[in-house]
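Reminder, nothing fancy here: chain letters follow the sequence lines and each chain counts from 1.
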2 protein chains.
Amino acid sequence: MARKRRPTLSDVAAEAGVSKMTASRALRGAGDVSKTNADLVRTAAKRIGYVGNPLAASLSGKRSGLIGVVIPSLTNIVFAEVLSGIAEGIEGSGMQPVFGVTNYDPDKEYEVIRNMLSWNPAGLIVTGLDQPEDTLGLLRNAPVSVVQIMDLDGTPVSACVGMSHHAAGAAMAEALLAAGRTAFGYVGCGLDRDTRARKRFEGFAAALARHGTGFEATRTREGHSTTQAGRELTADLMAAHPGLDCIYYSNDDLAAGGAFHCIAAGLEVPGALLLAGFNGLDFVESLPVRIATSRTPRREIGRAAARIIVDPDRGEDPVAQRIVFSPRIDLGL
Amino acid sequence: MARKRRPTLSDVAAEAGVSKMTASRALRGAGDVSKTNADLVRTAAKRIGYVGNPLAASLSGKRSGLIGVVIPSLTNIVFAEVLSGIAEGIEGSGMQPVFGVTNYDPDKEYEVIRNMLSWNPAGLIVTGLDQPEDTLGLLRNAPVSVVQIMDLDGTPVSACVGMSHHAAGAAMAEALLAAGRTAFGYVGCGLDRDTRARKRFEGFAAALARHGTGFEATRTREGHSTTQAGRELTADLMAAHPGLDCIYYSNDDLAAGGAFHCIAAGLEVPGALLLAGFNGLDFVESLPVRIATSRTPRREIGRAAARIIVDPDRGEDPVAQRIVFSPRIDLGL
DNA sequence: TGTGGTACCGATACCGGTATCGGTACCAGT
DNA sequence: ACTGGTACCGATACCGGTATCGGTACCACA
């Protein structure tokens, strides 16, 4: 059966007996429409089941209702939660999030951003501050609001919401030192790609150094973080350095893997060995042993970033906003 | 500084000394362009840094390069992985995935789908087969290819890629019975919303019934699945029914929580108590105790769904495709 | 009675592409 | 020389909205 063409603004206008322009204004709630006509248009639209065409509106209005989100990975629940927060943040604004995944690949990132820009979105939310120069150029020249998220250690292109990973690493080190730990190990994955994990590592190491100590041993691996990797690296690390009393992980997944190893190996956690992760993922709470972690407000970050783009009000002038979150440390003791 | 207007097709045409139309054809690789002009246009485009405007192309060409993806949740890693698979599947097709999250709310789902359709995307990927009638109407009348994913138990609107959850539940029950288990318990979350989990439960129960048995006890809770919930519900269940030798969970997260409880409570797993989840999430492998699970090809499902939309070739006629996956059971013994 | 506002409305010109269709050039066949 | 293809090209009309700007009514005020 022939599917009916979907009604356009002209149809609404005809139905309401006004001009296209008046219909457009009425539907958008723009000014210069009499109450009578506005009602007429609205009911007409409802009657014929009119749904606006954002494509046309975007093309005409110079700005689309699209929000581009660039994240390194979806498999990492952290970014999925950020996305979730973004979805919450734009709720009711009529905007659509579109995402691109870079797999921590700078070239892919450049492509993704370029591609997104071609849709001329209302805004772009990109992860991190450490893009290569050409990507930064793209972002700086983009005629859209750019929000960089998750990180604060660096110079943002414009707005920025996140936390200092360097500080987070340092804070965890301080807390662990204060808890009496003395022999530190480190386990990380994908440090070559994940600059934020690296910043945490550096912050942690710097704090240790300030206290006249350092990591006794580290185990790192390429590829992305899995509990399995955490388990294996921990086993390896502890076999070589049984004297460690604390391991810092690049994130909770690895730390959980560490916990699993310890349980299987009969190592007492956190008594003999304290494990510290990062992110404060939900499952940490229900682990059979307690581990330390830094809780990060992922959803809030997403929400805040989305709002910056959605809200036109705050600061018409190009004062770049900077929203700072601080992870909360939980030693789990 | 005044940002330069981004170059349009007309600019390219002017630069190449041909008409807009010829430039358009050349860039799209459509026919009717001499090799000479095609090269001219391509180099001109490169020279002035032309990037097409998909918005305009979509408006004009009647079909956008957008693919709408409707999923119930992002927090659940399973859907994040599906999304990931979709992103892989459309790789290189120049399409953009846009997503909408429904939080398992049918009304929200209706809204999200409606909203997505307004962008008239090339295709729509929606989760599940059990939409309410009005939503189905929306999908059936949509002038786009619709792919329903994750489920097979029901009547798809058109294409469909996924697995039978009823069968998956039944298969797991058979496997557990074959492994000699006799006293079954069940733990689930959000069954009111999650129809697929419910189908697994029903399939499992039906299989038990065929063998003249059934669940001795069940513990369910609203809200979404977390390891914490799994841990609590398991503790509760085992306290009341210490004689159980097998628990079926609505998914791996809950099952992991169950495992954590058992470890903490000193229950021998899987010897005394066998835990069975669903999904085959990565972390299952590294758990300190082995649990059973059904591995689902989430990424493949996403990829397959994306391909159905991306590829115009297969079946010009509206033969609805149906791609069947079967989860693979791993008892972890 | 004129004059200036204010409120509202709609014609028209885009936005940046693509579909369509009618040329023009050039060559082969007769 | 005439006809019919084939290959290629570009003018024009959209796609479905919004920005802009010039009306028209109508009222208040001088």
Phosphate oxygens OP1/OP2 of dG10(D): is one of them under 4.0 Å from a side-chain N or O of Thr22(B)?
yes

Record whether the side chain of Ser60(A) comes under 3.5 Å of the base of dG17(D) through a donor-acceptor pair of N or O atoms.
yes

What distance do Asn115(B) atom CG and Met95(A) atom CE have between them, rounded to the nearest 0.5 Å?
12.0 Å

Can we say Lys46(A) and Glu15(A) salt-bridge, meaning some charged N sits less than 4.0 Å from an Asp/Glu carboxylate O?
no

What integer distance in Å separates Leu59(B):CG from dG16(C):P?
12 Å

Atom CG of Leu55(A) and atom C1' of dG17(C): how far apart are they, to the nearest Å?
11 Å

Let's see if you can work this out: which of dG17(D), dA19(D), dG17(C) has an atom nearest to the side-chain heavy atoms of Ala56(A)?
dG17(D)

Hey, what bend do you get for the helix from dT1(C)-dA30(D) to dT30(C)-dA1(D) if you fit axes on five pairs at each end, rounded to 10°?
50°

Would you call Leu55(B) and Ser64(A) a side-chain contact if the rule is heavy atoms closer than 4.5 Å?
yes

Counting heavy atoms from C-beta on, name the nucleotide in dT18(C), dC15(D), dG10(C) closest to the side chain of Lys20(B).
dT18(C)

Donor + acceptor pair across side chains of Asn37(A), Thr22(A) (<3.5 Å)
no

Note: contacts of residues 32-46 of chain A with DNA chain C (heavy atom, under 4.0 Å) are Asp32(A), Val33(A), Ser34(A), Asn37(A)

Per atom distances to the Met21(B) side chain, the nearest of dG17(D), dC9(C), dA11(D) is dA11(D)

Quick one: do Leu9(A) and Leu27(A) satisfy side chain to side chain contact (heavy atoms under 4.5 Å, CB included)? Show the steps, please.
CA-CA 9 Å; Leu9(A) 189 60; Leu27(A) 258 16; 3.8 Å; yes

DNA chain C: 5'-proximal contact among Gly17(A) and Pro7(B) (nearest heavy atom):
Gly17(A)

Write down the distance between CG (Asn53(A)) and C1' (dG17(C)), rounded to a whole number of angstrom.
14 Å

Could you state the CG-C1' distance from Asp11(A) to dG16(D), rounded to the nearest angstrom?
10 Å

What pairs of nitrogen or oxygen atoms, one from the protein and one from nucleotides 24-27 of chain C, lie under 3.5 Å apart?
none

Per nearest nucleotide of DNA chain D, the residue lying toward the 5' end, Arg25(A) or Thr8(A), is Thr8(A)

Answer yes or no: does a side-chain N or O of Ser24(A) lie under 4.0 Å from OP1 or OP2 of dG17(D)?
no

Mind calculating the distance between CG (Leu9(B)) and C1' (dC14(C)) to the nearest angstrom?
16 Å

Categorize Arg28(A) for me: base, sugar-phosphate, or nothing, with a 4.0 angstrom heavy-atom threshold over every strand shown.
sugar-phosphate

Less than 4.5 Å apart, side chain to side chain, heavy atoms only: is that true for Val82(B) and Val69(B)?
no

Nearest-angstrom distance from the residue atom CH2 of Trp119(A) to P of dG16(C):
16 Å

Where is the tightest heavy-atom contact between Arg322(B) and Leu152(B), given as atom of each residue plus distance?
NH2-O, 3.6 Å

Yes or no on salt bridge (charged side-chain N to carboxylate O under 4.0 Å, His left out) for Glu91(B) and Arg303(B), after CA distance, side-chain angles and deciding distance?
CA-CA 10 Å; Glu91(B) 188 87 339; Arg303(B) 207 152 38 199; over 6 Å; no

For Ala80(B) versus Leu74(B), what's the shortest heavy-atom pair and its separation?
CB-O, 4.2 Å

Is there a donor-acceptor pair closer than 3.5 Å between any side-chain N or O of Thr127(B) and the backbone N or O of Val70(B)?
yes

Provide the closest heavy-atom pair for Gly68(B) versus Met116(B) in the form atom of the first, atom of the second, distance.
CA-SD, 3.6 Å

Could you tell me the separation between the CD1 atom of Ile308(B) and the CD atom of Gln321(B), rounded to the nearest 0.5 Å?
4.0 Å

